[in-house]
There are 8 protein chains.
Amino acid sequence: MQLEQFSTLDHERMERTGFPEVIFCPGKTDEQIASIAVALAARSPVVLASRASNSSYQAVRTLLPDAVYHATARIIAWERAALPKVGLAAVVSAGTSDGPVAAEAAVSLDLMGNNVTQIHDVGVAGLHRVLRHCEALRTANVIVAVAGMDGALPAVIAGLTDKPVIATPTSVGYGAAFQGLAALLAMLNACPGGVAVVNIDNGFGAACIASRINHAACN
Amino acid sequence: MQLEQFSTLDHERMERTGFPEVIFCPGKTDEQIASIAVALAARSPVVLASRASNSSYQAVRTLLPDAVYHATARIIAWERAALPKVGLAAVVSAGTSDGPVAAEAAVSLDLMGNNVTQIHDVGVAGLHRVLRHCEALRTANVIVAVAGMDGALPAVIAGLTDKPVIATPTSVGYGAAFQGLAALLAMLNACPGGVAVVNIDNGFGAACIASRINHAACN
Amino acid sequence: MQLEQFSTLDHERMERTGFPEVIFCPGKTDEQIASIAVALAARSPVVLASRASNSSYQAVRTLLPDAVYHATARIIAWERAALPKVGLAAVVSAGTSDGPVAAEAAVSLDLMGNNVTQIHDVGVAGLHRVLRHCEALRTANVIVAVAGMDGALPAVIAGLTDKPVIATPTSVGYGAAFQGLAALLAMLNACPGGVAVVNIDNGFGAACIASRINHAACN
Amino acid sequence: MQLEQFSTLDHERMERTGFPEVIFCPGKTDEQIASIAVALAARSPVVLASRASNSSYQAVRTLLPDAVYHATARIIAWERAALPKVGLAAVVSAGTSDGPVAAEAAVSLDLMGNNVTQIHDVGVAGLHRVLRHCEALRTANVIVAVAGMDGALPAVIAGLTDKPVIATPTSVGYGAAFQGLAALLAMLNACPGGVAVVNIDNGFGAACIASRINHAACN
Amino acid sequence: MQLEQFSTLDHERMERTGFPEVIFCPGKTDEQIASIAVALAARSPVVLASRASNSSYQAVRTLLPDAVYHATARIIAWERAALPKVGLAAVVSAGTSDGPVAAEAAVSLDLMGNNVTQIHDVGVAGLHRVLRHCEALRTANVIVAVAGMDGALPAVIAGLTDKPVIATPTSVGYGAAFQGLAALLAMLNACPGGVAVVNIDNGFGAACIASRINHAACN
Amino acid sequence: MQLEQFSTLDHERMERTGFPEVIFCPGKTDEQIASIAVALAARSPVVLASRASNSSYQAVRTLLPDAVYHATARIIAWERAALPKVGLAAVVSAGTSDGPVAAEAAVSLDLMGNNVTQIHDVGVAGLHRVLRHCEALRTANVIVAVAGMDGALPAVIAGLTDKPVIATPTSVGYGAAFQGLAALLAMLNACPGGVAVVNIDNGFGAACIASRINHAACN
Amino acid sequence: MQLEQFSTLDHERMERTGFPEVIFCPGKTDEQIASIAVALAARSPVVLASRASNSSYQAVRTLLPDAVYHATARIIAWERAALPKVGLAAVVSAGTSDGPVAAEAAVSLDLMGNNVTQIHDVGVAGLHRVLRHCEALRTANVIVAVAGMDGALPAVIAGLTDKPVIATPTSVGYGAAFQGLAALLAMLNACPGGVAVVNIDNGFGAACIASRINHAACN
Amino acid sequence: MQLEQFSTLDHERMERTGFPEVIFCPGKTDEQIASIAVALAARSPVVLASRASNSSYQAVRTLLPDAVYHATARIIAWERAALPKVGLAAVVSAGTSDGPVAAEAAVSLDLMGNNVTQIHDVGVAGLHRVLRHCEALRTANVIVAVAGMDGALPAVIAGLTDKPVIATPTSVGYGAAFQGLAALLAMLNACPGGVAVVNIDNGFGAACIASRINHAACN
């Protein structure tokens, strides 16, 4: 099938929004993904495919041999040349199980041209772990806080710093976690100001807005 | 209407469960409430009516002149003689708006024969406020932690102490707080162990189990 | 009642987070609100009480005669001296009915020391209305986009600019709007990157993170 | 098993409603599907089985060798002779991942005797893509607009044309997309008039009402 | 307040969509409603304000003395000259309690230039009532079917006719009707094809798409 | 307004279903209710209006002076001559607050021609109360079990008897009772067989099916 | 493992409730199921295991060679001697896909000692199909009406007969059917009286109460 | 990968909370689990990994040969020396299918240093089964009551004893059980006082709070 039969590329997106169109893989065939990736690579400095399987990566790599697969983050990346890195964005996770979502955020931020620092497994069950990083967090322009279950970490961080916190709920948990709904609602109701929320497990989306914030801070 | 036409009293409840039958006021007329209160007072050392309006209190007082109304807690209480107070239960609230639910818990605990200590307005937006009370909390046999919105306080307390935490979500908040659902779910998913949850705004229910725990610890 | 009997003020919040503790009015008595306001005014340059009724304002004004009431935004404000205004934050609303939430965001941003521009009633039913403002929006450091019903406006704006968009769902609508849930979910699933979401009707919360972003951009 | 043991065919449906009974495949065995298909083919000009697996198709083909399988649309079709095509119905999709639902709508519309035009991947992240098709859309008698995630496309189209828009939410997305619920609710709350909604992923249902509209316009 | 301070009128909507911008009253002050009405009346042949209170009507009438208030339908209408009526749209209700929503649909359809026929109280509890109207329904170009509770009427009608059915759930009912959610879901899952659904209680929205369908059928 | 303008009476319902059409009052004006009541009384032996206010009763009484108002049950009743009473139906309630729903069931059963026995306030908090009535319950042909909050009573009764149990959830409770949803779900999941459920607070609906069962047992 | 280590059999259930304890298979190992079946068979005339896999059947058959597996109904049955059949219960299904749930109801009713008649695939999309069976349905003592999607069939049947209708929602459907929730809610809100509802896909539960009703009618 | 790259251990948790950090396995790789287990074993007397697969156990056993796998409870346990057992905690389950959750609670309680007694399969369908254990239950300091479906068991137990009841809903059931939501809500609304609730299927969480209660009672 020709690209025109399933897709209408938006080649002006980088000019309008600062980053080119991204490929959301679920629901697309490997062939469609590879075909879109090639078309984007022809006109964009970087191609990012999110929620990608290894099988999609194999299809892309055939056409774009320089493409890279970040397995934990489930991202296929191709860069003509890496974008220059600016400012600083912090990615903090509450538990080891939140790792893949945090990785998606961190890899995306890197590809979007941001310096990134990561802090792992500092959830509220042991508060001293995050308290110890307070000063470091205050040096970032934006903090991506990733948590499942009770989703309490972003509120705690927002009460300790003056930086914007992008709360990223994960589907870690079970039962009344309702696949991340509990964390999502908790984050939307964070008592301290300074928190805004992205979709459940949406490390990529957290990176998008965090990158816009970090770039706004570096102009 | 005769009492038998709408009610079947359970006079053995104190022997079975340690506290006499309680009057849940919503859905009952003032006359029904007063009539049940008198019948219970004839055979119980204490009568407790929860979620009571002032108008119900006026009806009760006509028949039981010694009855007392705790307005913030919305409790009508009558005691033949106060039960002896044992042990210690702590009631901690996250914000001033959680006050009425905390008061319902504290007044109920007192009527059930527990020593009670209360700590107000120490939510996670300013963590140092609860950290300062850690040692005090560890001296109680049970901690009732009351919070609305993000419901993060019980998890934080459970990570700091070794005592059972009865998490009490409140309907404080709006929008995606969904009348306390967000706090309820967050508490059910508290990362640290040691937390169990009662119904939204159920300060009385929190007191019931906390009193059982405190009495078990004082046997 | 003494302040200590219902409240534990967090006077260090401005140092930690850049803005002093704020009074969330629902669930507090007018007397509690006034009493907290006075205590905060003694040590903070600005006092902000959100979701305040006129009756609460009257109680505050008795003790703080310089307090001002923003009726549409439902904010009581008291400033020892206005904070200096920096940068630029845009507040855009989809419909006239979203006005009160947009006002809450705009008044809060002003009190937090941000230059603010407001654009009214440019929802997606008539797309040319927002398209006409594209260039203006790109000059802000952050865009607060307020919408009820289908909640489509923030996604449209995020696809047209490179600035962070704080999506603010409102409870405008009925039936399957479910008091803002439809708009909330739509915004969490915005196709373009660059969007993060706050609680339904939470103009104040949108202002909090927008102010942090704008201040990060002005450092 | 005999057909009578599991099915009661409705051979008059074409006279009453303009199209014969259709086979909804899930929950039926391949043998049941094949057996119903043959019985319908004996008295109807066209047989349509929706949400069909390839394995069901193999069973049908054994008995109806002229049957065709539209794999992307998951439709088994058999036509004694194609119905004459009338008018024009447009099928527009927001993203490549919405392709299968759009295909189900387009194939169904074709089988029901409608001229069909398809436009792919013109979601609101790049508005110029759909704006470019406005005039074409206005020549159709009805527009089927297919979108997942934020479900914003039908509202945008309804604000740009004077034709009825059949909004078709898809389950594309994750997390707070809640398997298409977010798109469904957004579409039910579309600000512009002129939108009605069918079930999530129900390309066939969208085709049914669109065909009735297109045929009403061609009488 | 000046109109520009809260509203951006869309005077081209009639050209684009066939009917001018409409005023959704909830969340607007009477003064805002009256001020918008006057501004629209200056350039549109008809002004329609939905979900309007009598008090809003009094405000409008002061400025537009010819405005009319349809109390059951809660519509304020002003017509420079009535639009010519074309074709035929039927509005069918399941019960007397669904009357206000049916009235909103019927009045709106009339104002939008459609011939309208109404059938009252023919729900599925007594099927013969709707069966008796089958032939009449088949003469309309579109049928608006209004029902609360079990929401079964639109499915029954769609199985009896070949015309598009716009299902309009109402909030009539209680308990597990969940303010119209039960009817909404039932309608979205209508077994017969030919049904699409609008928001709960949205008689106006049903009229919008029905009018587009009826006009498409009359070109 | 003439009756024909808002209602289509179903005078054959008694022949088909054993009881005449009933008036569901919410959403109808007092005038509509009175007008329907008179029309039904002309051809039915009994008229029953459910969820009726006293004001509706006053309107009905003007036209039907023999009509009676059951205030707790919120039922307006008019009987040309009482239907003969057959068999036995038991109505059991878990708490005094469930009284109005139980009354609606009992009054309706009486009007439908059933002998009725009522048992009050025998919820599972004091199991001995219901155990004491086991033998009496086994003499009924059907048991209506009314309960709010945890909704556990019908399951307990079904495990103790061999009679059909019509579980009737009530909206008694608060918080996570979700207006009766908790009781509804508990009843739908009753471990013992022999339970079926009606809508929340639907004492009338419970009576309808219980009356059909009792009459089937008396044929 | 010994039976006592995981199970406490209730051998008196037949005396109390008219049918012996039944084995709910999910969550039990094949060994547990077989072991319970043997223990029940030692003291009951019939053993019924619901939602059983073929693998569980194989385990049971080893110990109870006369056990039978009803594959569509997913029931393992063992009868020392078939219970005598009384009265009549009708099982009606809306579509062929509802067949397995209807089979579970019919097989269970048979094992519980009821005469059973089954009617297949007579949903509301073709009303004449069910109308044709009206007289037959009125000869049963109880009607089990099984439907998925819009769940409209039980309401239609209840409006046409005077017998109790046990509405049985199925999970047939997709999207906004929400695994049977739409049908469940529609059935709980059935406009005609005479309907009560069991859990989604619970053909067994429908049979339990229908059998109690049919037996009450045959005493 | 080094432990520091995905985890921040909280070695002080035993001092603060009475039990060391626990490994929640879902979302972690076998390698991560094994690596964390070894690090914890170096400084803790006991290591507990919950919701563990056999494959994770194999990875742990390679590094910690003394580790044990409790298959039903899905727990990996390693003890340097078993903690001394104190007091008494009872674990009661409603049905055999609730066995795995009850096992998780019992094994955890044992590892945490509690004497444990277990009672199986005593749900409310046969009340005499639990009544027979009343005296035994009253000798425990805390009762963990595990139930799915209607979740009625904890309420019944709380009405019969004076000990704290930790209600543990399970996902046993189907349809409107909504994976344990029905049981969860029923438990949150338990009529008798003395009940608090943990997350669905959270046998481990029930053990955590029960152990704190039992230890408080043994001080």
Side-chain angles (χ1 to χ4, degrees), chain D residues 1-17 19-29 31-33 35-37 39-40 49-51 74 101 104 148 168-172 177-185 187-188 197-206 208, chain G residues 70-74 91-104 106-107 116-134 136-137 145-151 153 168-183 186 200-201 203:
Chain D
M1 248 199 309
Q2 297 294 308
L3 183 65
E4 297 71 36
Q5 289 178 277
F6 55 81
S7 185
T8 305
L9 294 189
D10 178 6
H11 288 300
E12 299 77 35
R13 198 169 298 176
M14 187 154 189
E15 289 91 280
R16 289 201 320 278
T17 72
F19 197 73
E21 187 170 357
V22 161
I23 309 170
F24 174 73
C25 293
K28 299 188 178 68
T29 64
E31 289 63 35
Q32 288 176 329
I33 293 166
S35 157
I36 296 172
L40 288 172
S50 71
R51 302 194 153 235
R74 288 184 300 163
V101 177
E104 189 185 55
T168 312
T170 73
S171 53
V172 170
F178 293 126
Q179 287 81 51
L181 178 63
L184 172 66
L185 293 183
M187 290 171 179
L188 286 167
V197 188
V198 296
N199 192 8
I200 299 163
D201 288 335
N202 194 1
F204 168 73
C208 284
Chain G
H70 299 269
T72 303
R74 288 184 300 163
V91 177
V92 190
S93 72
T96 301
S97 300
D98 301 313
V101 177
E104 189 185 53
V107 170
V116 183
T117 182
Q118 264 197 276
I119 302 173
H120 308 279
D121 190 23
V122 294
V124 300
L127 268 182
H128 58 286
R129 296 180 299 187
V130 69
L131 291 173
R132 172 197 309 159
H133 291 285
C134 266
L137 289 173
V146 182
M149 295 182 176
D150 58 24
L153 186 62
T168 312
T170 72
S171 54
V172 170
Y174 57 91
F178 292 126
Q179 287 83 52
L181 178 62
I200 299 163
D201 289 334

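Quick note on labels: first sequence line is chain A, next is B, and so on, each numbered from 1. When reading the values below, keep in mind they use all heavy atoms of this one structure, side chains included, and skip hydrogens, waters and symmetry mates.
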D:E4 portion near chain G, given a 4.5 angstrom heavy-atom threshold: backbone
Min side-chain heavy-atom separation D:T8-G:R132 under 4.5 Å: yes
More than 12 heavy atoms from other groups under 6.0 Å of CD on D:E15: yes
Where at least one partner belongs to residues 118-127 of chain G, residue pairs that pass side chain to side chain donor-acceptor pair (under 3.5 Å), sequence neighbours excluded: D:S7-G:D121
From CD (D:E12) to CZ (G:R129), nearest 0.5 Å: 9.5 Å
Closest-packed option against chain D by number of heavy-atom pairs under 4.5 Å, given G:A125, G:G99, G:A177: G:A125
Sequence-distant partners of D:Q5, side-chain hydrogen bond (donor to acceptor under 3.5 Å, both in side chains), two or more places apart: none
Nearest atoms (heavy-atom pairs only) where G:A176 meets D:L184: CB-CD2, 4.1 Å
Toward chain G, the part of D:L181 with a non-hydrogen atom under 4.5 Å: side chain
Heavy-atom check, side chain of G:Y174 versus side chain of D:N199, under 4.5 Å: yes
Heavy-atom side-chain contact between D:F24 and G:S97 under 4.5 Å: yes
Interatomic spacing from CG in D:L3 to OG1 in G:T96 - rounded to 0.5 Å: 7.5 Å
Residue G:Q179 excluded, over 12 heavy atoms near CD under 6.0 Å: no
